[in-house]
Amino acid sequence: QVQLVESGGGLVQPGGSLRLSCAASGSILTVYVMGWYRQAPGKQREPVAGIFAGGTTNYTDSVKGRFTISGDTAKKTVYLQMNSLKPEDTAVYYCNAVLRTAVFRPISTYWGQGTQVTVSS
């Protein structure tokens, strides 16, 4: 059983900062990618940032220069430092991991339960 547990959401004023954390646990052989998605009310879930085994990162255009993803897929942890937050960043943020639990098992995607980020004055 694989679990992803997030923490760090909350309410912040525009221009403020928050840091999200996520740790994966359970029977995990290899993690290939960890990342963050978000879903605003009435909108589809969208990718925010990802970090690959080896350290390569990528970001959606709307957060480049403001958000920084870090972590270590070998340690099964990922963080998202969010600076200069805007009201349009308000959403439920979900941790995501693409991993394999055993040699003869397929690569699968797992999700955390989500953490609310609200940017409002």
Side-chain angles (χ1 to χ4, degrees):
Q1 188 81 7
V2 175
Q3 283 191 317
L4 273 62
V5 178
E6 305 125 330
S7 62
L11 172 64
V12 64
Q13 292 186 341
S17 298
L18 282 175
R19 186 173 188 254
L20 305 182
S21 301
C22 174
S25 62
S27 180
I28 299 171
L29 178 64
T30 305
V31 177
Y32 297 98
V33 187
M34 290 189 78
W36 295 93
Y37 283 65
R38 67 186 179 186
Q39 187 167 19
K43 295 188 176 181
Q44 288 189 330
R45 191 174 296 188
E46 63 173 0
V48 176
I51 184 166
F52 294 80
T56 302
T57 60
N58 60 13
Y59 300 88
T60 192
D61 286 346
S62 63
V63 307
K64 285 180 180 176
R66 301 188 298 122
F67 291 10
T68 302
I69 190 169
S70 62
D72 189 334
T73 56
K75 295 181 180 178
K76 306 163 202 169
T77 56
V78 65
Y79 308 95
L80 186 68
Q81 178 66 43
M82 304 184 292
N83 298 328
S84 302
L85 282 160
K86 304 175 181 180
E88 50 264 43
D89 295 317
T90 296
V92 177
Y93 283 70
Y94 296 90
C95 179
N96 164 278
V98 179
L99 56 86
R100 190 189 299 272
T101 57
V103 173
F104 298 110
R105 302 287 285 181
I107 296 173
S108 300
T109 299
Y110 293 84
W111 296 91
Q113 79 283 359
T115 185
Q116 177 70 45
V117 171
T118 302
V119 185
S120 175
S121 55

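Keep in mind that this is a model prediction, so the values were computed, not measured. Residue numbers run from 1 in the order of the sequence given.
Atoms CG and CZ, on L20 and F67 in that order, are 8.5 Å from each other to the nearest 0.5 Å. Summarising the geometry, atom CG belonging to N83 is positioned 9.5 Å from atom CG belonging to L18; distances are rounded to the nearest 0.5 Å. For the atom pair CE of M34 and OG1 of T77, the computed distance is 6.5 Å after rounding to the nearest 0.5 Å. Taking OG of S17 as the start and CD of Q81 as the end, the distance is 5.5 Å to the nearest 0.5 Å. Distance check: T90 OG1 to Q116 CD gives 7.0 Å after rounding to the nearest 0.5 Å. Between the CG atom of L80 and the OG1 atom of T68 there is a distance of 8.0 Å, given to the nearest 0.5 Å.
Contact record, S120 with P14: C-CD, 3.6 Å, taken as the closest heavy-atom pair. Between L4 and A24, the shortest heavy-atom contact is CD1-CB, 3.9 Å.
Within 6.0 Å of CD in E88 there are more than 12 heavy atoms belonging to other residues, nucleotides or ligands.
The salt bridge (Lys or Arg N to Asp or Glu O under 4.0 Å) contacts involving residues 44-67 comprise R38-E46, D61-K64, R66-D89, where partners must be two or more places apart or lie in separate chains. Residue pairs meeting the ring pair (Phe, Tyr, Trp, His ring centres under 6.0 Å) criterion with at least one partner in residues 80-121, sequence neighbours excluded, are Y37-W111.
For Y59, there are no ring-ring contact (aromatic ring centres under 6.0 Å, His included) partners two or more places apart in sequence or in a different chain.
Looking at E6, its side chain does come within 3.5 Å of a backbone N or O of Q113 through a donor-acceptor pair. Put simply, the side chain of S21 never gets that close to the backbone of Y79: no donor and acceptor are under 3.5 Å apart.
A side-chain contact (heavy atoms from CB on, under 4.5 Å) with I51 is found for one member of I69, T56, N58, V33 and no other, namely I69.
Hydrophobic clustering (side-chain heavy atoms under 4.5 Å, transitive across Ile, Leu, Val, Met, Phe, Trp, Tyr) keeps V92 apart from V78. The hydrophobic cluster containing V48 does not contain F52, counting ILVMFWY residues as joined when their side-chain heavy atoms lie under 4.5 angstrom apart, directly or transitively.
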